[in-house]
There are 2 protein chains.
Amino acid sequence: MNAPHFSTKQRILDSAESLFARHGFAGASLRQVTASANVNLAAVNYHFGSKENLINEVFRRRLDSLNEERLAALAEVLKQPRFGLEDVLGAFVRPALALSMAEDGGAGFVRVLARAFAEHNERLRKFLHDNYSHVLKQFATAFAQVLPHLDKQELYWRLDIVSGALTYAMADFGVIKRRPGMSELQHRDLAAEHLIKFAAAGLRT
Amino acid sequence: MNAPHFSTKQRILDSAESLFARHGFAGASLRQVTASANVNLAAVNYHFGSKENLINEVFRRRLDSLNEERLAALAEVLKQPRFGLEDVLGAFVRPALALSMAEDGGAGFVRVLARAFAEHNERLRKFLHDNYSHVLKQFATAFAQVLPHLDKQELYWRLDIVSGALTYAMADFGVIKRRPGMSELQHRDLAAEHLIKFAAAGLRT
DNA sequence: CTAGAATTCAAACGAGCGTTTCAGCCTTGT
DNA sequence: ACAAGGCTGAAACGCTCGTTTGAATTCTAG
């Protein structure tokens with residue numbers, strides 16, 4: 001199913017990502033994953049140690065770069081003398097939207113991400129917090145600047161809800177085919193505009 | 001765990017709903033469900049036939065009344081000589097929000113619902129379509145009236161995304177405790193206002 | 001070329017899964 | 001009081017799960 005010249009680890013990660021997106025973490029078995037990757041069953045435990053570790057690596061592989069891009073975009077926004085809610089939201093949404101429309105398995109990963117949000121999995125939330133809390137923190141600070149009327153408590157749960165709803169929406173966007181006669185970039189920008197408006201309405205009062 | 005004077009069927013449904021919300025459909029086993037319900041393992045297959053049927057019944061029990069309320073609310077809206085997007089959205093959101101903040105397991109069920117949306121489970125989507133497509137259809141008609149500039153295709157996938165994002169947001173709302181000094185009703189109305197604004201931004205262009 | 005490490009492989013492990021069975025228990029109606 | 005049918009109980013079915021094992025193979029350095 002996968003080209004044989006990619007490494008075993010990479011093929012396992014690709015297959016796992018795709019199967020987790022379709023069947024969930026509990027629903028996709030290591031036997032399905034290794035069969036789809038054309039790899040021996042034991043390879044997962046050899047290369048990753050356990051299924052739980054494999055799940056974490058599926059996240060790490062994409063989130064490392066995604067969060068770098070988000071922080072870079074946020075840094076650009078913060079450089080401007082005047083910026084608003086929509087700018088901060090853009091720094092959060094656009095990199096993820098690009099991923100969800102990428103040629104490779106990016107769309108599958110965003111669906112995995114949406115699942116993880118919906119699951120409220122404790123173990124997974126800890127992993128995300130341990131590895132990427134600095135990103136959330138920087139965005140929370142920026143949001144607090146552009147939403148000064150919200151107290152910290154209120155801001156935090158609104159961000160939680162909005163980021164979940166956004167992730168869900170982006171997971172769906174990946175599936176939707178763009179209208180004919182519209183370039184990939186136009187379609188993405190239009191989607192970003194909608195999502196940002198969508199999220200802004202949820203954050204402002 | 002459950003009061004013994006409730007019927008076996010009801011206790012199974014309650015426990016299943018709660019465990020499906022926490023661990024997913026594949027993640028929660030019938031042994032966990034029956035143990036939490038203080039019921040024999042075989043009772044599930046006796047009363048429901050299979051795990052799949054049990055899942056369907058968990059949905060049916062809540063969705064029958066929820067969708068009735070939604071349709072009743074929509075009928076009220078349609079009676080008015082002039083109504084807008086926010087009115088239609090209100091008919092969709094308010095009954096679900098009431099459920100997610102109900103005393104009984106309603107909050108758990110909305111989390112189950114959010115999971116089901118995120119999973120894109122084919123079997124489940126078929127069940128929902130078979131049993132409740134008339135509700136979606138009536139709402140789609142009403143939405144088409146207040147959003148005449150969107151063609152049918154565009155409207156349908158936007159409704160899909162918005163309803164998913166709304167369900168996700170409502171699942172989270174159920175967990176959030178209201179600010180002190182605010183009545184249950186006030187809190188719910190405020191949440192409904194936010195969600196409706198949120199969704200309206202995603203539907204309008 | 002060859003020793004040693006890294007990787008792959010087939011096979012098996014115990015545990016947990018959904019489901020089935022059937023004996024026994026209640027609860028009805030007569 | 002008693003038969004019948006609805007329901008519960010303990011046990012077992014075959015199957016799939018994640019993981020482990022140890023031998024076979026491939027890769028890599030000296």
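Below, chains carry the letters A, B, ... as their sequence lines are ordered, and counting in each starts from 1. Only this structure's heavy atoms are used, side chains among them; waters, hydrogens and symmetry mates stay out. Bear in mind that the values here come from a model prediction, so they are computed numbers and not experimental data.
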**Q** C/dT8 phosphate, OP1 or OP2: any side-chain N/O from A/His47 under 4.0 angstrom?
**A** yes
**Q** Output yes when at least one side-chain N/O atom of A/Thr8 is less than 4.0 Å from OP1 or OP2 of C/dT8, else no.
**A**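 It does, given that an N or O in the side chain of A/Thr8 lies less than 4.0 Å from OP1 or OP2 of C/dT8.
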**Q** Heavy-atom nearest nucleotide on DNA chain C for A/Asn40 versus B/Phe25: which residue maps closer to 5'?
**A**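 In this pair, the answer is A/Asn40.
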**Q** Does the distance from a Lys or Arg side-chain N to an Asp or Glu carboxylate O, for A/Glu86 and A/Arg204, drop under 4.0 Å?
**A**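 Yes, charged N to carboxylate O under 4.0 Å.
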**Q** Figure out the CZ/C1' separation between A/Arg31 and C/dC17, and round it to whole Å.
**A** 13 Å
**Q** Consider salt bridge (Lys or Arg N to Asp or Glu O under 4.0 Å). Of A/Arg61, A/Arg111, A/Arg11, which one does A/Glu17 pass it with?
**A**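 That would be A/Arg61; it is the only one of A/Arg61, A/Arg111, A/Arg11 passing the salt bridge (Lys or Arg N to Asp or Glu O under 4.0 Å) with A/Glu17.
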**Q** Tell me, please, the opening and closing nucleotides of DNA chain D, 5' to 3', among those with an atom under 4.0 angstrom from a non-hydrogen atom of chain A.
**A** D/dC17 to D/dT21
**Q** Can you confirm whether A/His134 sits close enough to A/Leu71 that some side-chain heavy atom of one is under 4.5 Å from a side-chain heavy atom of the other?
**A** yes
**Q** Whole Å only: how far is the OH atom of B/Tyr46 from the C1' atom of C/dC26?
**A** 12 Å
**Q** Remember a base hit wins even if backbone is also touched, and classify A/Ala42 as base, sugar-phosphate or nothing at under 4.0 Å, heavy atoms.
**A**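 Base, at least one base heavy atom under 4.0 Å.
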**Q** NZ of B/Lys51 versus C1' of C/dT19: gap in Å, rounded?
**A**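 Going from NZ in B/Lys51 over to C1' in C/dT19 covers 12 Å.
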**Q** With a 4.0 Å cut-off, would you call A/Glu76 and A/Lys79 a salt bridge?
**A** yes
**Q** Is it the case that more than 12 heavy atoms not belonging to B/His129 sit under 6.0 Å from its NE2 atom?
**A** no
**Q** Look at the side chain of A/Leu41 and decide which nucleotide, out of C/dC17, C/dA12, C/dC9, has an atom nearest to it.
**A**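 That would be C/dA12.
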**Q** Does a sphere of radius 6.0 Å around CD in A/Glu103 hold more than 12 heavy atoms from other residues, nucleotides or ligands, not counting ones at 6.0 Å or beyond?
**A**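 It does not: A/Glu103 CD has 12 such atoms or fewer within range.
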**Q** Return the value, rounded to whole Å, for the distance between atom CG of A/Asn45 and atom P of C/dT7.
**A**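 Taking CG of A/Asn45 and P of C/dT7, I get 15 Å after rounding.
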